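In what follows, every heavy atom counts, from backbone to side chain, and hydrogens, waters and symmetry copies are set aside. The structure presented is a predicted model; accordingly, all values stated were derived computationally and were not measured.
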Amino acid sequence: MADFWQHGTITTLQKLSDYPVEELEKKLRAISKRRKIVLLLPALFSEFETPAMPRIIEELKKVDYLYRIVLSLDRATQEEFKKAKQWMSQLSTDVRIVWHDGPAMQSFYDELRLSKFKLDHPGKGQSVWMTMGYILSDKDVYAIALHDCDIVNYRRELLARLIFPVVHPATDFEFSKGYYARVTDRLYGRVTRLFYTPLIRTLRRIIGSNAFLSYLDNFRYALSGEFALIAHLARGIRISPTWGLEVSLLSEIYQRASINRICQVEIMETYEHKHQVLEKGRPNDGLIRMATDIAKALFRFLSQDGIVMSEAFFRTILTAYMQEARLAIEKYHGLSLINGLVYDRHGEIEAVEAFVESLRSAQSEFTEDPVDIPMLAAWVRVNAAIPDFTERMSESIDRQNSP
């Protein structure tokens, strides 16, 4: 049974009833006549070869309130681009594909590099950023929603609930963040449970009263890949091209939107997707690299907020984080016991030990050069530097998507 918890700074929109998705969609259809909504789907071509993407396409066939669906396609050959185009053609909604590996898009990346924009970290963050630029070239777009493409148990209700608070004229939200439970016969979400939340709470203990950290601690699943925001807000934000994408996004939203216009919404009761590996001794892979990038992004934003981080500060973080993580393990052990879930306590402790190494790596890279931690420019800056860039990129993408 869901709660109606509203004790934090962020408005929380829980799922309290089995309100039919058809009723939400009926309202969204009416709203979409005045407010155009775009869905951004970041996907590797390999995700079309899993059960997840075909299921997502089947569900999206029933969605008729979107202005456009934009597939951000990565790691695809020309033949694979054509296959993806064929699969996406099943949808009745207007679909555009941004093929990042194609020669046309690569020429636009090269142009940005020549203009001194740093694009040195290919991956989801950079591809999402470039696709945002294409979407924002259409001045009629009111809101953008994004969700991942590896969701095995996807239902279209996820999208309706995610976008609804941002576009409904009776609300005043500019940004919504999706949350859910990551659980099957055991708990998942180790980076959120055992790294992000204990680290945020560690920092709150060390630094003391801090509105930014309180804000970050308020999100029930801060590292979820699902969010929606109004286009006007999207034009002015910077994001990280690394695994620090979600933290950087939340940090930029904090800087540019009123707290009262930010919400988190329960989009699914349980969420199942592919699981990243966690292997000690492999700092550049899987969850270890993810945690390192998250910590670096977080340290950068704290330093921007005027927090001084000395060597003693970082030493304190290590020991205080370990204590906070141990407390988290006790809580999750109890939660698992009362629900009859499998719980590998030894594996959880090993994960924390691996995350300590992530903190050490993040500290080393941050102190070496905090300014060098990558952030992609806001699109308002790109448009100022190259006024016709998004217009030319949009024309190129549209040509490539023509029959």
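The CG atom of L40 sits 11.0 Å away from atom OH of Y134, with the distance rounded to the nearest 0.5 Å. Note: S72 OG to M105 CE = 8.0 Å, rounded to the nearest 0.5 Å. Atoms CG and CG, from L213 and D217 in turn, are 8.0 Å apart once rounded to the nearest 0.5 Å. From I239, atom CD1 reaches atom OG of S251 across 12.5 Å, with rounding to the nearest 0.5 Å. If you take CG on D185 and CG on N339, they are separated by 12.0 Å, rounding to the nearest 0.5 Å. Put simply, CG on L71 and SG on C149 are 6.5 Å apart, with the number rounded to the nearest 0.5 Å.
Residues Q363 and K296 have side chains not in contact (no heavy-atom distance under 4.5 Å, counting atoms from C-beta outward). Looking at Y254 and I259, their side chains come closer than 4.5 Å, going by heavy atoms from C-beta outward. The shortest side-chain heavy-atom distance between V128 and L146 falls under the 4.5 Å cut-off. L287 is not listed as a side-chain neighbour of F195, based on a closest heavy-atom distance of 4.5 Å or more. Using a 4.5 Å cut-off on side-chain heavy atoms (C-beta onward), I69 and L66 make contact. Side-chain contact between S336 and V342: absent, with no pair of heavy atoms (C-beta onward) separated by less than 4.5 Å. When side chains are defined from C-beta on, Y188 does not count as touching V183, because their heavy atoms never get closer than 4.5 Å. I144 is not listed as a side-chain neighbour of I37, based on a closest heavy-atom distance of 4.5 Å or more.
In terms of heavy atoms, R205 sits closest to A320 at NH1-O, 3.7 Å. Of all the heavy atoms in L298 and F212, the pair that sits closest is CD1-CE2, 4.4 Å. Residues G244 and D293 approach most closely at N-CB, 3.8 Å, considering heavy atoms. The two residues P198 and A328 make their nearest non-hydrogen contact at CG-CB, 4.3 Å. Across every non-hydrogen atom of I294 and W243, the tightest pair is CG1-O, 3.7 Å. Scanning all heavy atoms of the two residues, the minimum distance from R300 to S303 falls at O-OG, 2.7 Å.
Ion pairing between R190 and E348 fails under the 4.0 Å rule for side-chain N and carboxylate O. With respect to the salt-bridge test (charged N to carboxylate O, under 4.0 angstrom), the residues E311 and R315 qualify. Classification of D150 and R55 as a salt-bridged pair fails, no side-chain N sitting under 4.0 Å from a carboxylate O. Ion pairing between a basic and an acidic side chain is recognised when a charged N comes within 4.0 Å of a carboxylate O; R156 and E22 show such pairing. A salt bridge links R289 with E365: at least one charged nitrogen is closer than 4.0 Å to a carboxylate oxygen. Salt bridge D138/R68: present, at least one basic N to carboxylate O contact under 4.0 Å. K15 and E157 are joined by a salt bridge, as a carboxylate oxygen and a charged side-chain nitrogen come within less than 4.0 angstrom of each other. Between K124 and D74 there is no salt bridge, since no side-chain nitrogen of the basic residue lies less than 4.0 Å from a carboxylate oxygen of the acidic one.
The closest donor-acceptor contact from the side chain of N383 to the backbone of W379 lies under 3.5 Å. Put simply, the side chain of N401 gets close to the backbone of I97: a donor and an acceptor are under 3.5 Å apart. Panel note: side chain S258, backbone N260; a donor-acceptor pair is recorded below 3.5 Å. Within the 3.5 Å criterion, the main-chain N or O of W5 finds a donor-acceptor partner in the side chain of Q14. Within the 3.5 Å criterion, the main-chain N or O of L162 finds a donor-acceptor partner in the side chain of S176. A side-chain donor-acceptor contact under 3.5 Å links E80 to the backbone of T77. K177 contributes no side-chain N or O that, together with a main-chain N or O of A228, makes up a donor-acceptor pair within less than 3.5 Å. With S310 contributing its side chain and F313 its backbone, the two residues share a donor-acceptor pair below 3.5 Å. A donor-acceptor pair under 3.5 Å is formed between the side chain of Q106 and the backbone N or O of H100. Panel note: side chain Q6, backbone T12; a donor-acceptor pair is recorded below 3.5 Å.
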**T93/V63 under side chain to side chain contact (heavy atoms under 4.5 Å, CB included): CA gap, chis, key distance, verdict** = CA-CA 8 Å; T93 304; V63 174; 5.6 Å; no

**Request:** Start with the C-alpha distance between Y109 and L114, add both sets of side-chain angles, then the distance that settles side chain to side chain contact (heavy atoms under 4.5 Å, CB included), and finish with yes or no.
**Result:** CA-CA 9 Å; Y109 278 109; L114 286 172; over 6 Å; no

**Message:** Apply side chain to side chain contact (heavy atoms under 4.5 Å, CB included) to residues L159 and I267 and explain how you reach the verdict.
**Reply:** CA-CA 8 Å; L159 176 61; I267 53 177; over 6 Å; no

**Prompt:** Is there a side chain to side chain contact (heavy atoms under 4.5 Å, CB included) between Y179 and S224 once you walk through the steps?
**Reply:** CA-CA 6 Å; Y179 77 89; S224 77; 5.7 Å; no

**Request:** Under the salt bridge (Lys or Arg N to Asp or Glu O under 4.0 Å) rule, what do E266 and R220 come out as? Steps first, then yes or no, please.
**Result:** CA-CA 9 Å; E266 186 176 4; R220 292 195 168 192; over 6 Å; no

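Heavy-atom neighbours of K61 NZ from other residues, nucleotides or ligands within 6.0 Å: above the threshold of 12. For E49, the CD atom is densely surrounded, since the number of other residues' heavy atoms within 6.0 Å is greater than 12. More than 12 non-hydrogen atoms from other residues, nucleotides or ligands lie less than 6.0 angstrom from NE2 of H333. With a 6.0 Å radius and a threshold of 12 heavy atoms from other residues, nucleotides or ligands, E23 has its CD atom above the threshold. Other residues, nucleotides and ligands place no more than 12 heavy atoms under 6.0 Å from the CD1 atom of I338. The local environment of CZ in R345 is crowded, with over 12 non-hydrogen atoms from other residues, nucleotides or ligands closer than 6.0 Å. Atom CZ of R75 has 12 or fewer heavy atoms from other residues, nucleotides or ligands within 6.0 Å.
Each of L203, D305, L216 was checked for a side-chain contact (heavy atoms from CB on, under 4.5 Å) with N210, and the lone residue meeting it is D305.
Between the side chains of Y154 and E58, no donor-acceptor pair is found at a separation under 3.5 Å. Residues T390 and S137 bring no donor and acceptor atom of their side chains to less than 3.5 Å of each other. Side chains of Q264 and Y221: a donor-acceptor N/O pair is absent below 3.5 angstrom, by distance only.
Every residue two or more places apart in sequence or in another chain that forms a ring-ring contact (aromatic ring centres under 6.0 Å, His included) with F108 is listed here: F389.
Taking the six-membered ring where tryptophan is involved, the planes of F81 and W99 are essentially parallel, since the angle between them stays under 30° and well short of 60°. Classification of the Y215-F219 ring pair by plane angle, with boundaries at 30° and 60°, yields perpendicular.
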